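Along the sequence shown, the residues carry numbers beginning at 1. Counting starts at 1 for both ligands and their atoms, in listed order. Note that the coordinates shown come from a computational prediction; the quantities given were computed from them, not determined experimentally.
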Amino acid sequence: MSVKVLVIHGPNLNLLGLREPEVYGSITLEEINQRLRAHAADKGIELRTFQSNHEGAIIEAIHQAVGWADGLVINPGAYTHYSYAIRDAIAAVGLPAVEVHLSNVQAREDFRHLSVISPVCLGQIAGFGWHSYVLGLEALRVKLAKN
Ligand code: DQA
């Protein structure tokens with residue numbers, strides 16, 4: 001049976017390609033999703049992707065993942081730094097999750113150094129541009145295969 005993963009992209013990530021390319025790269029969200037789909041096909045992962053600029057919609061996507069997904073890869077965008085509600089949703093559903101960021105959040109402004117999401121995740125991958133997502137997906141796959 002193949003591993004099923006939901007990838008969640010948070011606010012402003014729909015603007016990738018246009019948005020601060022010196023920080024986030026010039027790749028679009030659709031191109032990231034294509035690279036994730038290629039990796040998933042190669043590794044036998046079933047993949048769904050979701051993007052929203054709304055906290056409640058992200059929370060509902062996390063709830064609805066139950067019963068389908070084996071795990072989550074999530075870039076919560078700026079919600080990383082203050083959304084207790086998204087953190088609680090991940091904890092509530094109990095799905096293993098990997099937090100990913102395009103940029104190295106630790107090397108940026110102080111407010112980006114804190115993630116309220118990390119404590120309910122298996123781990124965080126940050127600073128590798130779009131590769132962070134593929135690395136996050138692969139980390140989750142390996143972890144699920146060992147369990
Ligand atoms: C981000 C980092 C966040 O601090 C920022 O608010 C984002 C993108 C990243 O992928 O590097 O929206 O999550």
Side-chain angles (χ1 to χ4, degrees), residues 3-43 45-66 68-144:
V3 165
K4 298 185 178 74
V5 176
L6 174 66
V7 178
I8 298 175
H9 307 281
N12 298 308
L13 295 168
N14 56 311
L15 295 181
L16 288 177
L18 299 172
R19 178 190 182 202
E20 299 177 84
E22 66 289 357
V23 178
Y24 299 115
S26 52
I27 189 169
T28 66
L29 188 62
E30 186 44 37
E31 286 165 341
I32 292 178
N33 285 338
Q34 279 168 12
R35 288 170 196 199
L36 283 169
R37 281 195 285 271
H39 184 81
D42 190 41
K43 299 291 180 180
I45 300 167
E46 273 188 65
L47 197 73
R48 290 183 187 171
T49 62
F50 174 81
Q51 190 276 329
S52 178
N53 296 319
H54 303 277
E55 189 177 29
I58 293 169
I59 291 164
E60 280 170 10
I62 294 167
H63 293 175
Q64 285 162 17
V66 177
W68 180 79
D70 298 307
L72 307 171
V73 171
I74 182 164
N75 182 350
Y79 286 137
T80 303
H81 314 299
Y82 65 94
S83 178
Y84 299 126
I86 291 176
R87 171 200 171 119
D88 281 356
I90 296 169
V93 300
L95 287 169
V98 176
E99 177 186 346
V100 300
H101 299 282
L102 297 148
S103 64
N104 179 0
V105 281
Q106 296 303 325
R108 299 182 63 197
E109 302 95 321
D110 286 353
F111 77 88
R112 297 187 204 274
H113 295 177
L114 173 70
S115 169
V116 301
I117 308 296
S118 290
V120 295
C121 291
L122 296 172
Q124 185 200 66
I125 297 174
F128 300 98
W130 65 269
H131 296 279
S132 293
Y133 280 95
V134 176
L135 292 167
L137 180 59
E138 185 57 11
L140 181 63
R141 185 189 70 81
V142 168
K143 188 76 182 177
L144 288 170

*Asks:* With S118, which residues qualify under side chain to side chain donor-acceptor pair (under 3.5 Å), at least two apart?
*Replies:* E99, S115

*Asks:* Would you call L102 and Y133 a side-chain contact if the rule is heavy atoms closer than 4.5 Å?
*Replies:* yes

*Asks:* Ligand 1: which protein N/O atoms lie under 3.5 Å from its N/O atoms?
*Replies:*
unit_1   : atom_1 : unit_2 : atom_2 : d
ligand 1 : 4 (O)  : H81    : NE2    : 2.7
ligand 1 : 4 (O)  : R112   : NH1    : 2.8
ligand 1 : 6 (O)  : A78    : N      : 3.2
ligand 1 : 6 (O)  : R112   : NH1    : 3.1
ligand 1 : 10 (O) : N75    : ND2    : 2.9
ligand 1 : 10 (O) : L102   : N      : 2.8
ligand 1 : 11 (O) : L102   : N      : 3.3
ligand 1 : 11 (O) : S103   : N      : 2.9
ligand 1 : 11 (O) : S103   : OG     : 2.6
ligand 1 : 12 (O) : R19    : NH1    : 3.2
ligand 1 : 12 (O) : R19    : NH2    : 3.0
ligand 1 : 13 (O) : N75    : OD1    : 2.8
ligand 1 : 13 (O) : H101   : ND1    : 2.8

*Asks:* I'd like to know if the side chain of N104 and the backbone of A126 have a donor-acceptor N/O pair within less than 3.5 Å.
*Replies:*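 Judged by distance alone, no pair lies under 3.5 Å.
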
*Asks:* Determine the sole option in N33, N75, N53, T49 for which the side chain to side chain donor-acceptor pair (under 3.5 Å) test with H9 is passed.
*Replies:* N33

*Asks:* Contact between H113 and V105 at the side-chain level, heavy atoms closer than 4.5 Å - yes or no?
*Replies:*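 Contact flag for H113/V105 side chains = no.
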
*Asks:* Answer yes or no: is there a side-chain heavy-atom contact under 4.5 Å between I86 and I62?
*Replies:*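 Side-chain contact under 4.5 Å: yes.
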
